[in-house]
Structure formats: C-alpha cells, structure tokens
Amino acid sequence: MKRLIILSLILGVTHQAFAFEAPAYFEKSCGSCHTVGRGDDVGPDLKGVTERRTREWLHQFIQSSQSVIQSGDPVANELFAKFKNKKMPDQDLAVEEIDAILDLIKNGGISQTAGDSRSATTSTPEDVTKGEDFFLGRISFKNGGAPCVSCHSVSEYGPLGGGVLGPNLTQAYSKYEDKGLGRAIKKPAFRVMKEIYSGKELTDDEVFAVKSFLYKADQQGSQNIDFEKKFIFLGGVGVVVM
Amino acid sequence: MIDFLLFAVAPYVAITLLFSVSLWRFFFTRYKFSSLSSEFLESRELFWGSVPWHYGILILFLGHLIGFLFPAHVLLWNSVPVRMLILEVTALTFGALCMVGLVLLIKRRLTHSRIQVVTSWMDVVVLAVLLIQVVTGIGTAIFYRWGSNWYVAVMVPYLRSLFMFAPKVDFIKDMPLMVKMHVFGAISIFGILPFTRLVHFLVPPVSYLWRSYQVVIWNWDRKKIRIPTR
C-alpha cells in the first residue's frame with residue numbers, strides 16, 4: 001500500500017513536470033531577451049535561426065550555452081562577445097520540448113507587445129527616489145512581488161548592503177541597456193526570478209522607477225564594502241548578550 | 001533529474017515515512033516515544049548544551065514557520081531596513097546559539113564513556129544531520145543575505161507547491177549548494193525522525209507550561225552519584 005502511495009505521488013509530480021506548452025514557455029522564458037523578427041534585444045533576433053544553425057547546435061546551446069562557449073565554438077563565442085558576455089540561462093528542457101520551441105520560432109514565434117517605451121535617461125530625481133524605495137522594499141510592489149534587495153545589491157544601498165543571492169546590479173544598466181533591462185525586470189528569464197514574479201509582474205510604472213534607480217546607480221559607480229564581517233560581528237554580540 | 005529526485009520526490013518519501021512509521025510506533029511501541037534522556041548519566045554539560053540548543057532551534061523553527069504562514073507580513077516587516085536588520089541579526093544570534101549548544105552536546109556524547117554506552121548509530125546520524133543543518137543555515141544567513149526576505153520569496157512558494165502536490169523545483173535548481181543542502185537536510189530530518197530520538201518532537205511536553213509545580217526531593221548525594229569516585 002505504501003509503495004502504491006509513493007508511486008502515485010511520483011507519477012503525479014512527474015505528470016506536472018511534463019505539461020509543456022511552447023508558446024507559453026517562449027513568452028515566459030525566451031521573450032524577455034529575444035524577439036522573432038523585431039531586431040536584437042538583450043539577445044539576438046531569433047528570426048531564421050533554425051536556418052542559420054543546425055538543430056543539434058541549437059539544442060546544445062539552449063540546454064547549456066556556457067558549455068558550448070567554453071568548448072571553444074567560434075559562433076557561440078562571437079555571439080557571447082557581441083552581446084556583452086551576458087549569460088543565457090540554461091533551459092532544462094527535453095529534446096521534444098526544444099523542438100517544439102524551434103518549430104514555433106520557425107513559424108514566426110508569438111506576438112510580443114512592445115512594452116513601455118520610456119527610457120531611464122529621461123527619468124526625474126523623483127523617479128529615481130521612487131525606484132530606490134521599490135528596490136529596498138520601502139514601497140511594496142502592487143502585485144506583491146518581493147523587493148529587489150532580497151537578492152540583489154546596488155552600490156552601498158540597503159542595510160549593510162543588499163542581498164547577495166543574485167548578482168550585484170550596480171552596472172546592470174550598462175550591461176542590459178535600457179530596453180533590455182526593462183524587459184528583464186518586467187518578464188525575467190532567470191529561472192528563480194521567473195518563478196518569484198510569476199503572477200506578480202511589476203507594473204510599467206514600477207519597472208520604469210526601478211530601471212531609473214539602476215540607471216542612476218550605474219552612473220554613480222560601485223563601492224565594495226565588506227558587509228559580512230559586520231553582520232558576523234553583530235551576530236556574535238547577540239550571542240554574548242544571550 | 002537529481003534536483004527532481006531530491007526536491008520533488010524525496011519530500012513525499014520523507015513525509016510518508018514520518019507518518020507511517022510514527023503511526024506504527026504509536027500503535028505498537030508507543031512507550032518508546034521518547035528523547036531517551038541521559039540526564040541521570042551526566043547533567044552539567046547537558047544543561048549547557050541542551051538549553052542553548054533548544055532555545056535556539058525552537059525560535060528558528062518558529063521563525064521559519066511564521067515566514068511560511070505569513071510571507072506578506074514578513075516582507076512588510078522587512079520593508080523598513082532597520083527592522084530587517086533586527087530580524088536577521090536575531091536569527092543569526094539564535095543560529096549561533098544552536099551551534100554552541102550542538103557542539104557541546106556532540107562533545108558530551110563523544111567524550112563521556114557513560115554516555116557512549118547508551119549512544120546508538122542513529123544518535124550519531126542525528127547529530128551529524130543537525131550539525132550540517134546548522135552549519136548550512138548559518139552559512140546561508142551570512143553568505144547569502146538577506147535570507148528572511150528571499151526565504152519568503154523563493155522557499156515559501158516552493159514549500160507551498162509541495163503541499164499542492166505540484167512541486168516547483170525551478171525555485172531550487174539554481175540555488176547555491178549550501179542552500180540546497182539546507183533544504184535537503186530539512187527534508188531528511190522529517191524522514192529519519194521516527195527512527196530516532198527526534199521522535200520526541202511528536203510528543204512535546206506542552207502541558208508542562210501550565211501544570212502545577214512538582215517538588216522533587218533527592219534522598220541521596222546527587223553530586224556523588226553523578227561523579228562516582230573510582
């Protein structure tokens with residue numbers, strides 16, 4: 001009986017894992033960095049990619065772009081350099097799932113909205129302050145998404161610095177550029193972030209404010225402060241007090 | 001695939017073991033639901049190990065539980081940076097308290113011959129798992145700050161997905177090894193719980209909080225009993 005229960009649980013969760021729809025996956029995971037026929041973005045325009053590259057190459061690159069780059073593949077390295085060494089997240093997909101996405105791209109992809117066209121270079125000091133408040137969680141995002149500071153740092157902002165689970169975003173604006181950064185915030189393609197903000201997408205105004213804050217931080221440059229030692233010291237003080 | 005097994009299948013195996021073995025023990029060997037106290041064999045070091053350990057672990061468990069039940073409230077609390085700092089430092093303090101207590105308990109169990117006599121292999125397993133759990137917990141707090149925020153943003157949705165029988169392993173896949181170890185350590189504690197003295201979780205002496213005082217009278221020299229002269 002116990003074996004039956006375990007087996008049914010495994011089958012249940014496995015079934016969940018195999019429910020795959022290419023358009024929904026493309027929108028959620030690929031569309032934040034790529035377009036199909038609307039020009040380069042964070043990553044290259046994917047129009048015609050199934051003709052330019054072999055399926056085998058595309059499969060390898062989609063599953064682990066860094067492995068292909070590190071193997072010395074000239075095309076992969078050229079693309080990596082062209083797009084400012086931005087790492088494409090590995091896609092944990094089965095062969096048939098990748099084929100479904102490639103077929104979708106071959107047939108023109110999905111209709112993608114252009115999104116908010118405001119550039120952070122036009123932001124006011126109020127926009128930047130508002131973005132800082134959102135980043136640090138002083139103001140909550142409308143749809144309940146976690147504040148950026150949970151996982152990211154920017155310069156010296158936040159109590160003893162921001163989070164370090166995700167990358168430091170001080171130079172994110174230079175790296176992703178205005179449009180790409182906006183997309184990355186609005187529809188993040190990074191696996192954990194994608195799940196965190198699933199159903200909790202930031203509004204256009206929130207994206208613009210955060211982007212404006214990151215633009216300002218990028219201009220001001222970074223500071224390296226050793227926060228770990230201060231945090232450990234405070235924990236040690238706590239133990240002594242206890 | 002390994003992530004799927006560790007974080008989508010293992011939790012259900014652990015919970016199945018927890019319920020089935022605990023129920024079996026309850027119905028057939030219920031008088032062995034015990035922490036198997038060794039206080040009579042050595043009490044001084046036990047005090048300095050057990051008290052910080054239990055205060056630390058209870059507060060931390062409560063903290064994880066509150067985050068799980070009220071994630072939005074935790075984010076709201078953390079929306080003022082100083083409050084988040086207070087929460088984080090408090091959690092780190094109790095984590096360190098756990099570590100101090102656990103190290104003393106391990107030392108006690110390994111160095112006292114009288115304790116060694118009543119030590120089983122499962123006791124060693126329990127101490128090893130708890131040590132890994134505390135080390136990875138403290139390590140995560142320090143090196144992947146701010147855990148109180150991303151715990152409710154990342155881990156709580158993952159845990160809730162387990163309860164919905166639709167585990168979202170994507171939350172875990174890209175996590176640092178230390179965090180993965182901490183999560184799997186927690187899962188394995190549930191799995192081994194009914195096979196070990198940790199089974200005393202299930203019968204906490206909650207009634208001690210409101211029961212009447214009991215007077216205990218010793219009719220012999222306790223110190224002499226505790227430290228026998230050879």
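B:Phe143 touches chain A through backbone and side chain together, each having a heavy atom under 4.5 Å away. For a residue to count as touching a neighbouring chain, one of its non-hydrogen atoms must lie under 4.5 Å from one of that chain's; by this rule A:Ser153 touches chain B with the side chain only. Looking at B:Pro176, the atoms closer than 4.5 Å to chain A (heavy atoms on both sides) all sit in the side chain, from C-beta outward.
Inter-residue side-chain proximity for A:Ile196 and B:Phe171 is flagged as met; some heavy-atom pair is nearer than 4.5 Å. Using a 4.5 Å cut-off on side-chain heavy atoms (C-beta onward), B:Leu75 and A:Pro147 make contact. B:Met175 is listed as a side-chain neighbour of A:Leu165, based on a closest heavy-atom distance under 4.5 Å.
With hydrogens and angles disregarded, no donor-acceptor distance shorter than 3.5 Å links the side chain of B:Arg145 to the backbone of A:Val164.
Open room surrounds OH on B:Tyr55; 12 or fewer heavy atoms of other groups in view lie less than 6.0 Å from it. Remark: A:Phe80 CZ is packed, more than 12 non-hydrogen atoms of other residues, nucleotides or ligands lying under 6.0 Å away. Around NZ of A:Lys142, the count of heavy atoms belonging to other residues, nucleotides or ligands within 6.0 Å does not exceed 12. Heavy atoms of other residues, nucleotides or ligands lying less than 6.0 angstrom from CD of A:Glu56 number 12 at most.
For the set A:Cys151, A:Gly236, A:Pro89, A:Gly137, the count of heavy-atom pairs under 4.5 angstrom toward chain B peaks at A:Gly137.
Closest of all the heavy-atom pairs between A:Val192 and B:Asp170 is CG2-O, 4.1 Å. Shortest non-hydrogen contact noted between B:Thr93 and A:Gly238 is CG2-C, 3.2 Å.
To the nearest 0.5 Å, atom CG of residue B:Asp174 and atom NZ of residue A:Lys194 are 9.5 Å apart. Distance check, rounded to the nearest 0.5 Å: CZ of A:Arg191 to NZ of B:Lys168 gives 15.0 Å.
Close approach to chain A, defined as a heavy atom under 4.5 Å from one of its heavy atoms, is seen in no residue of residues 60-68 of chain B.
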